[in-house]
Amino acid sequence: MPVLLHDTMSREMRPLLPKAGKSTFGMYCCGPTVYGPAHIGNFRTFILQDVLRRTLEVDGLKVKHVRNITDVDDKTIRGAQAAKTTLTEFTKTWTDKFHADCEALGLLAPHVEPSAVAHIPQQVAMIKALVDKGHAYVSKDGSVYFKVSSCHGYGKLSHLDLSKRETQSTNSAGEANDSDEYDRESASDFALWKSRKPEDGANFWPSPWGEGRPGWHIECSAMSLEHLGVTFDLHGGGIDLCFPHHENEIAQSECATGIPGFAAHWFHSAHLLVEGEKMSKSKGNLYTLDDLKAKGYSPVEVRFALIAGHYRSSLNFTIKGLEDARSALNKIEKGTERLLTAAGFSKEEFAAPTKQEIQTSWGRFAPAWEVLQNDLNIPGCLGQIFTVLASKSDLTTESARQDLSGLAKILFALGLKLFTSAPAQGVPADVAELGAKRWAAKQAKDFVSADRLRLELVELGWTMLDRKDGYDLKKS
RNA sequence: GGCGCGGUAGCCAAGUGGUAAGGCCGGGCUCUGCAAAAGCCCCAUGCGUCGGUUCAAUUCCGACCCGCGCCUCCA
């Protein structure tokens with residue numbers, strides 16, 4: 001059964017399948033602008049796209065996932081200048097950081113990760129096609145603009161009727177829209193090519209219209225064409241990209257190629273609120289992965305918290321939510337351990353589910369998978385998982401293995417890697433010694449000393465957890 | 001103003017025309033010298049408000065109230 005997903009353009013639930021005659025499902029996702037560390041809002045979108053890709057793969061599709069790197073724009077150029085380095089060096093630093101965070105968060109690397117700077121010729125070629133076909137014009141300063149009025153159907157994705165729309169004098173950041181700054185024919189027209197300016201420094205490229213650099217929107221059109229073809233199966237991004245970015249991509253691509261149906265399906269994820277407020281630097285509620293790691297949360301806990309709400313609803317990210325995620329994840333691990341025991345598998349065997357017997361069945365997790373396939377309902381799927389893990393069942397080795405087969409596939413789809421919590425931190429010698437002493441006292445039934453030693457450990461910031469046959473020391 | 005999303009227990013959050021998944025927190029119990037861990041059990045006559053349709057509505061329709069997003073920086 002194919003995965004069903006809501007499509008922004010048609011506003012309908014539609015099955016995800018490769019185009020007729022194709023065996024690969026092509027998906028293009030707008031990637032990060034690499035001018036600083038990505039924040040958890042960025043990652044929510046990338047994680048959701050990752051879950052979609054994984055779900056399609058578990059469903060049996062061959063997916064080609066393309067996610068770009070935006071490495072030339074105002075912010076990257078300014079950032080490089082402020083850092084007194086080259087654009088290449090600057091964007092490499094932040095691209096590397098992005099990759100490290102992605103890996104920590106369990107994101108599968110896209111199959112292709114094209115960079116805007118590496119696709120200047122393709123962008124120039126597309127702009128040239130648009131100029132030749134009368135969909136773009138060259139301004140006096142050598143910039144090139146897309147002529148929105150020349151594009152039939154412009155606004156079909158975001159359902160905006162530009163003819164009825166009044167041009168706003170400010171954007172949502174309160175900055176004046178620069179409709180008078182350039183010699184555009186219409187305020188709705190957008191830049192395809194920006195002519196070289198002194199403040200661009202060394203960052204310019206040749207073009208038929210003179211030196212300059214590409215506009216923002218054209219890169220995704222050019223790179224999706226290069227790597228996925230004239231039309232492809234799904235395009236994703238944060239909801240804020242719906243207009244104007246994605247709308248402009250459609251206009252550019254369809255006008256340049258003359259072929260409609262740029263992307264068959266549009267996948268937009270809702271934004272993140274932090275502690276009930278819009279995330280912003282000025283409010284100080286903009287978290288990066290490093291910020292949360294510094295607070296003691298693991299990447300998998302962050303990932304869980306970020307997927308705990310439906311992708312089309314905005315998610316209120318809170319530290320309490322991270323605590324909830326930690327407890328919930330622990331509950332899944334404990335339940336999974338019980339299944340592993342019943343199945344006679346080790347944790348390692350579960351972490352790498354290559355065994356035939358744990359790849360063939362869904363066991364009791366079939367309903368959880370069905371829920372996930374229906375518009376990527378991750379919270380519903382998690383609910384099903386907990387229901388099964390808590391339900392009474394006479395497990396046999398065989399049934400437990402079938403359950404594990406289903407659970408492994410679902411956890412792969414969600415990208416939740418179990419049993420990865422950092423192993424016990426190094427225990428200082430003095431703490432270890434106190435622990436050993438208390439254990440000895442307890443064995444000797446000298447409970448007065450044992451209790452005193454427990455308190456001493458607490459004062460040092462350590463908790464001693466007794467087991468039947470030994471003990472663990474945990475930092476509290 | 002235009003377009004769109006949402007209001008479900010203390011918090012988070014699914015879902016359905018036939019009477020509310022799940023997680024967290026909380027409470028109880030079992031186990032345990034203590035503590036913790038773990039396991040088990042309990043926890044919304046209620047789904048923003050008011051009307052309507054229906055044998056039956058939280059679920060459909062209408063109105064209203066409230067919150068939020070986008071409308072050329074944004075994931």
Side-chain angles (χ1 to χ4, degrees), chain A residues 8 11 29-33 38-49 73-75 148 155 158-162 164-168 170-175 177-179 187-191 216-217 236-245 247-248 268-273 276-280 304-305 308-310 312-318 320-332 334 337-338 367-368 371 374 377-390 392 442 445-448 450-451 454-455 458 463-468 471-472 474 476:
Chain A
T8 309
R11 294 177 178 172
C29 300
C30 293
T33 302
H39 58 248
I40 54 170
N42 298 311
F43 281 119
R44 163 148 151 105
T45 295
F46 299 136
I47 290 171
L48 254 7
Q49 290 161 350
D73 77 323
D74 291 348
K75 287 185 292 236
V148 168
S158 47
H159 306 97
L160 289 176
D161 185 348
L162 287 187
K164 284 187 188 159
R165 192 166 63 89
E166 288 180 33
T167 300
Q168 301 231 140
T170 57
N171 65 24
S172 53
E175 298 158 346
N177 283 331
D178 56 356
S179 53
S188 297
D189 292 351
F190 54 91
W216 173 40
H217 310 297
I239 187 65
D240 53 296
L241 295 186
C242 183
F243 185 89
H245 184 57
E247 199 69 70
N248 291 351
H268 289 113
S269 45
H271 269 191
L272 201 62
L273 296 174
E277 293 191 307
K278 186 172 173 170
M279 187 169 46
S280 70
F304 189 98
H310 190 96
R312 281 196 281 140
S313 302
S314 54
L315 178 80
N316 184 16
F317 183 89
T318 60
K320 161 89 164 54
L322 233 25
E323 289 291 336
D324 291 359
R326 172 171 289 178
S327 301
L329 233 20
N330 179 55
K331 195 163 189 167
I332 292 177
K334 293 297 179 228
E337 278 179 26
R338 285 195 298 279
V371 169
N374 186 10
N377 186 349
I378 298 172
C381 175
L382 289 170
Q384 286 294 323
I385 290 173
F386 285 111
T387 301
V388 172
L389 289 178
K392 288 277 194 320
K442 176 182 165 163
K445 299 210 185 292
D446 176 5
F447 297 128
V448 176
D451 288 350
R454 174 187 289 290
L455 279 175
V458 167
T463 306
M464 189 156 170
L465 305 178
D466 294 357
R467 284 182 280 107
K468 268 206 176 76
Y471 58 93
D472 293 314
K474 251 182 76 178
S476 45

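Chain identifiers are assigned alphabetically (A, B, ...) following the order of the sequence lines, protein sequences preceding nucleic acid strands; residue numbering begins at 1 within each chain. Only heavy atoms go into these numbers, but all of them, side chains included; no hydrogens, no water, no symmetry mates.
In this structure, of B:C34, B:C71, B:A75, it is B:C34 that holds the atom nearest to the side chain of A:D466. Residue A:S188 places its side chain closer to B:U72 than to any other of B:C3, B:A75, B:U72. Ranking B:U72, B:C34, B:A14 by closeness to the A:S313 side chain, first place goes to B:A14. Among the nucleotides B:G22, B:G33, B:C24, the one closest to the side chain of A:T387 is B:G22. Checking B:A75, B:C24, B:G22 against every side-chain atom of A:D324, the shortest atom distance belongs to B:C24. For A:L241, the side-chain atoms get nearest to B:C74 when compared with the rest of B:A14, B:A38, B:C74. Of all nucleotides listed (B:C24, B:A75, B:A38), B:A38 comes nearest to the side chain of A:R338. Ranking B:A38, B:G2, B:G10 by closeness to the A:K320 side chain, first place goes to B:G10. Distances were taken from every side-chain heavy atom of A:K331 (C-beta onward) to each of B:C3, B:A38, B:C24; the shortest belongs to B:C24. With B:A75, B:G33, B:G2 as the choices, the nucleotide that has an atom nearest any side-chain atom of A:M279 turns out to be B:A75.
One atom, CG of A:L315, and another, C1' of B:G6, lie 14 Å apart when rounded to the nearest Å. Rounded to a whole Å, the CD atom of A:E323 is 9 Å from the P atom of B:C25. Between the NE2 atom of A:H310 and the P atom of B:G7 there is a distance of 12 Å, rounded to whole Å. Remark: C1' of B:C5 and NE2 of A:H268 are 14 Å apart, rounded to the nearest angstrom.
With sequence neighbours left out, the ring-ring contact (aromatic ring centres under 6.0 Å, His included) criterion links A:F190 to A:F146, A:H217.
In this structure, the side chain of A:N316 engages the main chain of A:G276 through a donor-acceptor pair within 3.5 Å.
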Handout entry: Dot-bracket encoding of pairs in RNA chain B, which uses [ ] for pseudoknotted crossings and | for another strand, Watson-Crick or G-U under 3.5 angstrom
Key = (((((((..(((.........))).(((((.......))))).....(((((.......))))))))))))....
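Between A:R312 and B:G4 there is no side-chain polar atom (N or O) within less than 4.0 angstrom of OP1 or OP2. Residue A:N330 has no polar side-chain atom (N or O) positioned under 4.0 Å from OP1 or OP2 of B:C24. A sub-4.0 Å separation between OP1 or OP2 of B:G15 and a side-chain N or O of A:N377 is present.
Below the 3.5 angstrom threshold, one finds no donor paired with an acceptor across the side chain of A:N316 and the base of B:C12. The base of B:G69 does not come close enough to the side chain of A:D240 for any donor and acceptor atom to sit less than 3.5 Å apart. Judged by distance alone, with hydrogens and angles left aside, A:R454 brings a side-chain donor or acceptor within reach of the base of B:C34, the pair sitting under 3.5 Å.
Within the 4.0 angstrom heavy-atom criterion, no nucleotide atom of any strand lies near A:L273. Here A:G321 lies out of heavy-atom contact (under 4.0 Å) with every strand. Heavy atoms of A:F190 sit nowhere under 4.0 angstrom from any nucleic acid atom. Counting any heavy atom pair closer than 4.0 Å across all strands shown, A:K334 reaches sugar-phosphate atoms only and no base atom.
In this model, a donor atom of one side chain and an acceptor atom of the other lie less than 3.5 Å apart for A:T8 and A:H268.
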